[in-house]
Amino acid sequence: MSEEKSLNFIEELIENDLKSGKYEMLVTRFPPEPNGYLHIGHAKAICLNFGLTQKYGGYTNLRFDDTNPVTEKTEYVNSQQEDIQWLGFQWKNELFASDYFGQLHAYAVKLIEKNLAYVDDSTAEEIAAQKGTPTEPGVPNQYRERSIAENLDLFAKMKNGAFPDGACTLRAKIDMASPNMLMRDPIIYRIKHAHHHRTGDTWCIYPMYDFAHGQSDSIEQITHSICTLEYVAHRELYDWFIEKLEIFPSKQYEFARLNLTYTVMSKRKLLQLVNEKLVSGWDDPRMPTISGLRRRGYTPESIREFCERIGIAKRENLIELSLLEFCIREDLNKKASRVMAVLDPIKLVITNYEGDGEVLIGENNPEAEDKGGTREIPFGRELWIEREDFMEEPAKKWFRLAPGAMVRLKFAYIVKCDNFIKDEHGNVTEVHCSYFPESKSGSDTSGINVKGTIHWVSTAHAKTAEVRLYDRLFTVESPDAEEGDFKDYLNPGSMQVLDKVYIEPYLATASLENRYQFIRKGYFCVDKDSTADKPIFNRVVSLKDSWKG
RNA sequence: UUUCCUGUGGUGCAAUGGUAGCACGUCUGAUUUUGGUUCAGAAAAUCUUGGUUCGAAUCCAUGCAGGAAAACCA
């Protein structure tokens, strides 16, 4: 409790604001645009906004920033809600910027009446040309001096559908020479004869982000409007509208967005991967989307822990994927049952084994407090073992099977390799061993010590499954920073499908949401593509492997 | 060559004028019926140059580096 964890800069601001009595309660919001699926970068913002109000008291609204009807869909609204709740957060009010279209329109009229906005008939190209550049001031045009009455009339006509798309815009009258280009008379309303996912055809003019976001915050009395660094330059405008409109002074604060190695984070690029079928969909287990991570087998706890560990600051950052992997391993190590599956099988025959119907007992998770219970594992004379657990000519420090070498079969007996068989291609197909009856797991009186333990599945009892192994989506740490098209750097080996994997019978009961550790192979979960006769497992993440062969 | 933001181990985050710390990663070693887990340890950083100060990662100045800013996108 008293463990003083250092505060990030936003927490410091908040503590000061609360202490000084500036606000009595914290109100934040998470404001996605419903034009794509949420990703791990959004998770950072979600954890921040909801986490802050959980910590300091107050609440967080979910507000969809739906001011551009042409890109927004209800499908995205639904997926975004599901993802936020799956992460473990609940919003106080569910709101839409489109709820405020009437109010926003009134604000625009108010600005016109204060001679702080005007209707501009220029084309997009003309406006861009007049805007200047970062190093040269912009120049005003003739429309800037229209009368208030004329502007009111024109704006009403815009609203009433008298003009086609692009005919004119409403602009704030600020300063065409401002060093901040966003202050050079920004467009605040544009004409779009488009169907809106919520307001339908009620409107044909829609407010721009800058004329909707801050005012929406203000209407909701958001105290701390937290966004990413690309909005720093917008803050001046944000404050200007609130001041001129004389409304509740919400304040904007910016933090650095998350970048993760070996992936891309922009919605545009993720959409491209989906549209061009380079991945199976928004929830492809290789995607950094929340739905992708969920399908991959990540837990909400592990993602929240990750967001906690990466911290909040204002510098550009590139987080190593290994940290995300650490977080899910840490979580699953405590939760996942240890089971056996053989991914790349060869046969092991115990030549001196005469047993019949022997059943062994496996402890499900020695790392869990209650050990996770136990289960029965059928044993037999013939087993499937991993191809890579046998070496014809063992490397130095090799702990596993090799001619003459001994190894423990997990939960079972110690065996010694006596012989092996190869096919015509020189591939090992069978390993022949003898076992030591007195070496049975749990009641070993053999006195034999072995360094290696390997997993196995009885050939007579094995079920088959498909296993999908995933690797990083891109071959380079920062696809965005590379020359050329980011898609040139897709990892062709990012998914490997193993269609005949042998699993122990216990796993036949696995259901969606279940996560397992396949002993020595990694953590796996059941994929939604599974059918009654063919379970499909996704590899969430491999185990750490310190073997350097 | 304008304005704004940012510079701390490989990576991320701390230290708020007083011993540069934590985590991931890397490397040792111990333990281990998972080459997992756990445990012990190691290497590794304040962008430059000045200044203020008894004392600077922190304050000031300069330079340098990176990022952002010119969608009727958000």
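Residue numbers start from 1 in every chain, and the chains themselves are labelled A, B, ... in the order their sequence lines are given, proteins ahead of strands.
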Exercise for review: Let me have a per-nucleotide readout for nucleotides 22-30 of chain B, 5' to 3', with B, S or -, counting only protein heavy atoms under 4.0 Å.
Suggested key: -SBS-----
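For A:K314, counting side-chain heavy atoms from C-beta on, the closest listed nucleotide (B:G35, B:C5, B:C73) is B:C5. When each of B:G12, B:G35, B:U2 is scored by its nearest atom to the side-chain atoms of A:F399, the top-ranked nucleotide is B:G35. Checking B:U34, B:A14, B:A70 against every side-chain atom of A:K131, the shortest atom distance belongs to B:A70. Distances were taken from every side-chain heavy atom of A:P179 (C-beta onward) to each of B:U3, B:C4, B:G36; the shortest belongs to B:U3. Out of B:G67, B:U34, B:A74, the shortest distance to the side chain of A:Q517 is found at B:U34. Of all nucleotides listed (B:G35, B:C72, B:A74), B:A74 comes nearest to the side chain of A:Y231. Between B:U37, B:G7, B:C72, one nucleotide has an atom nearer to the side chain of A:A124 than all others, and that is B:C72. When each of B:A14, B:U2, B:U34 is scored by its nearest atom to the side-chain atoms of A:L543, the top-ranked nucleotide is B:U34. Distance from the side chain of A:R400 is smallest to B:G35 among B:U34, B:G35, B:G7.
Annotation: cation-pi geometry satisfied between A:R375 and A:Y506 (NZ/CZ under 6.0 angstrom from ring centroid, within 45° of ring axis).
Base engagement by A:E367 is indicated by at least one non-hydrogen atom pair under 4.0 Å involving a base atom. Heavy atoms of A:R184 sit nowhere under 4.0 angstrom from any nucleic acid atom. Among the protein residues, A:S266 comes within range of no part of the nucleic acid, since none of its heavy atoms lies under 4.0 Å from any strand. Within the nucleic acid shown, A:I310 comes within 4.0 Å of sugar-phosphate atoms alone, with no base atom in reach, counting heavy atoms only. Within 4.0 Å of A:T261, counting heavy atoms only, lies no atom of the nucleic acid at all. A:G442 comes within contact range of at least one nucleobase, with a heavy-atom separation under 4.0 Å. As judged by a 4.0 angstrom heavy-atom cut-off over every strand, A:Y206 is placed among residues making no nucleic acid contact. Residue-level contact check: A:S546 touches the backbone only, with heavy atoms under 4.0 Å from sugar-phosphate atoms and none from bases. Residue contacts shown for A:N180 are absent, as no nucleic acid heavy atom lies under 4.0 Å away.
Shown here, B:A56 forms no base pair; nothing in the strands shown gives a Watson-Crick or G-U wobble contact with both key distances under 3.5 Å. Pair assignment for B:U2 gives B:A69, based on Watson-Crick or G-U wobble hydrogen-bonding distances that are each under 3.5 Å. For B:U33, there is no paired base (Watson-Crick or G-U wobble, both distances below 3.5 Å). Using Watson-Crick or G-U wobble geometry with both donor-acceptor distances under 3.5 Å, B:G21 finds its partner in B:C13.
A donor-acceptor pair under 3.5 Å is formed between the side chain of A:E386 and the backbone N or O of A:D344. The main-chain N or O of A:H224 is never found under 3.5 Å from a side-chain atom of A:Q252 such that the two would form a donor-acceptor pair. The backbone N or O of A:T71 lies less than 3.5 Å from no partner atom in the side chain of A:N35, so there is not a single donor-acceptor pair.
Whole-Å rounding puts the A:E363 CD to B:G36 P distance at 19 Å. In this structure, the CZ atom of A:F306 is 12 Å from the P atom of B:G12, given to the nearest Å. Rounded to an integer number of Å, the gap from CZ of A:R268 to C1' of B:A71 is 13 Å. Rounded to whole Å, the distance from CZ on A:R257 to C1' on B:U6 is 16 Å. A straight line from CG of A:L318 to C1' of B:G66 spans 13 Å, rounded to a whole angstrom. Between the NZ atom of A:K334 and the P atom of B:U37 there is a distance of 14 Å, rounded to whole Å. Distance A:E388 CD to B:G35 C1': 11 Å, rounded to the nearest Å. Following rounding to the nearest Å, A:E230 (CD) and B:A71 (C1') show an atom-to-atom distance of 14 Å.
For the pairing with A:D389, the side-chain contact (heavy atoms from CB on, under 4.5 Å) check across A:T453, A:V407, A:I454 returns one residue only, A:I454.
Rounded to whole Å, the separation between the C1' atoms of B:A65 and B:U49 comes to 15 Å. B:U53 and B:C60 have their P atoms separated by 16 Å, with the value rounded to a whole Å. Taking the P atom of each, B:A43 and B:G21 are spaced 12 Å apart, rounded to whole Å. Rounded to a whole angstrom, the distance from the C1' atom of B:U48 to that of B:U8 is 15 Å. A gap of 15 Å separates the C1' atoms of B:U46 and B:G17, to the nearest Å. Comparing B:C47 with B:G67, their C1' atoms sit 15 Å apart, to the nearest whole Å. Annotation: B:U62 and B:U2 have their P atoms spaced 14 Å apart (nearest Å). Taking atom C1' in both B:G18 and B:A23, one finds a spacing of 26 Å when rounded to whole Å.
In this model, no donor atom of one side chain and acceptor atom of the other lie less than 3.5 Å apart for A:T374 and A:N364. For the residue pair A:Y118 / A:D185, a side-chain donor-acceptor distance below 3.5 Å is found, with atom types taken as modelled.
For A:S122 and A:E316, each mapped to the nucleotide of RNA chain B holding its nearest heavy atom, the one lying further toward the 5' end belongs to A:E316. Checking A:R235 against A:I312, the closest nucleotide of RNA chain B that is more toward the 5' end is the one next to A:R235.
For A:Y107, there are no ring-ring contact (aromatic ring centres under 6.0 Å, His included) partners two or more places apart in sequence or in a different chain. Scored by the ring-ring contact (aromatic ring centres under 6.0 Å, His included) test, A:F30 finds no partners at all (sequence neighbours excluded).
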Practice item. Would you check, one step at a time, whether the test salt bridge (charged side-chain N to carboxylate O under 4.0 Å, His left out) holds for A:E358 with A:K440? Key: CA-CA 12 Å; A:E358 183 175 7; A:K440 184 168 178 173; 3.0 Å; yes
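Below the 3.5 angstrom threshold, one finds no donor paired with an acceptor across the side chain of A:T135 and the base of B:U1. Donor-acceptor pairing under 3.5 Å, judged by distance alone, is absent between the side chain of A:H234 and the base of B:A68. Donor-acceptor pairing under 3.5 Å, judged by distance alone, is present between the side chain of A:R315 and the base of B:U8.
The shortest distance between the side-chain N/O atoms of A:R190 and the OP1/OP2 oxygens of B:A74 is below 4.0 Å. Checking the phosphate oxygens (OP1, OP2) of B:C13, no side-chain nitrogen or oxygen of A:S6 falls inside 4.0 Å.
Using cut-offs of 30° and 60° on the angle between ring planes, the pair A:Y231 and A:Y209 is tilted.
Aromatic pair A:F518/A:F524: ring centres closer than 6.0 Å.
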